Amino acid sequence: TQSKLTTQKLYKIIVIGDPTVGKTSFVQRYVQNSFNKNYKGTVGVDFALKIVKLSETQTVRLQLWDIAGQERFTWMTRVYYKDCHGCVIMFDLTNKNSFINTRKWKIDVDSKCTRPDGKPIPCILLANKCDLPYRQVDQMEIEDLYKEHNFIGWTETSVKEGLMVDDSMKFLVDVVMQQD
Ligand code: GDP
Ligand code: MG
């Protein structure tokens, strides 16, 4: 019999947002628990796989898609969004433009990516670089955007300090699994 064989769920999570907000650093931090301030993005899409242990008997596999370079040129193609289960949209608290563009990213995701039942995919909003002074975005603005565009949640993060990286992903994965 194949009683011991269980299929491990695989979820595709895309990480999007303007250039230099910290997307690649976020994936690296989450998957490898490392931070490299000299990381240079390559052009294309990078994948990272993380196996998350939920309990003694249950694990899930997360396939993280990190756009590298392409975000400078155009909005993403449908191929990139295809069959994704969850989404991270990131901006940089010290870069107002990256916050303004968050709205466009969300609209782009919602127009190109829906779950089989037609609902939008769960999307979390991350306000990165909270370790830095001189913020250009205040909490009220973030709160308004989060509500208006139906994110499942938002939080400040510091990928550099490792703040709220695991917690935010856990929150997202929980919602993804509930809806699955
Ligand atoms: P991407 O273009 O969105 O993939 O951004 P990167 O991950 O390449 O990061 C761009 C720059 O921001 C790099 O120099 C990172 O070291 C830096 N960075 C990323 N996250 C943080 C953070 O939380 N705090 C600070 N101070 N710098 C960060
Ligand atoms: Mg990058």
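For the single chain, residues carry numbers from 1 onward in sequence order. Each ligand, and each atom within it, is numbered from 1 in the order the structure gives. What you see is a predicted model; the values in this text were computed from it and never measured.
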Under 4.0 Å to a heavy atom of [X] - the qualifying atoms of ligand 1, by number:
X    : value
L132 : 26 (N)
S158 : 23 (O)
S25  : 6 (P), 7 (O), 9 (O), 15 (C), 19 (C)
T20  : 1 (P), 2 (O), 3 (O), 5 (O), 10 (C), 12 (O)
D131 : 22 (C), 23 (O), 24 (N), 25 (C), 26 (N)

*For atom 21 (C) of ligand 1, which of I16, V21, T94, N128 has the closest heavy atom?*
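When every heavy atom of I16, V21, T94, N128 is considered, N128 comes closest to atom 21 (C) of ligand 1.
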*Can D174 and K170 be counted as an ion pair, charged N to O under 4.0 angstrom?*
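Yes, charged N to carboxylate O under 4.0 Å.
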*Are R29 and E161 within salt-bridge range, i.e. N to O under 4.0 Å?*
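Here R29 does not pair with E161 in a salt bridge, since their nearest N and O are not under 4.0 Å apart.
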*Is a side-chain N or O of D66 found less than 3.5 angstrom from the main chain of V15, in a donor-acceptor match?*
no
_Any side-chain to backbone donor/acceptor pair from T114 onto D110? Under 3.5 Å, distance only._
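Looks like no, no N/O pair under 3.5 Å.
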*Name all pairs fulfilling the salt bridge (charged side-chain N to carboxylate O under 4.0 Å, His left out) condition that reach into residues 84-97, sequence neighbours left out, sorted by first residue then second.*
D92-K129, K96-E141
*Is there at least one pair of N or O atoms, one from G22 and one from ligand 1, spaced under 3.5 Å apart?*
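There is such a contact, yes.
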_Side chain or backbone, does F26 bring an N or O within less than 3.5 Å of an N or O on ligand 1?_
no
*Is the Mg ion (ligand 2) less than 2.8 Å from an N/O/S atom of T24, whether that atom is in the backbone or a side chain?*
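Under 2.8 Å: T24 contacts the Mg ion (ligand 2) through an N, O or S atom.
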*side-chain hydrogen bond (donor to acceptor under 3.5 Å, both in side chains) with Q179: which residues, sequence neighbours excluded?*
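Q179 satisfies side-chain hydrogen bond (donor to acceptor under 3.5 Å, both in side chains) with R115 once adjacent residues are dropped.
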*asked:* Using the ring centroid of each side chain, check whether F151 and Y146 are separated by less than 6.0 Å.
replied: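 Not under 6.0 Å, so no.
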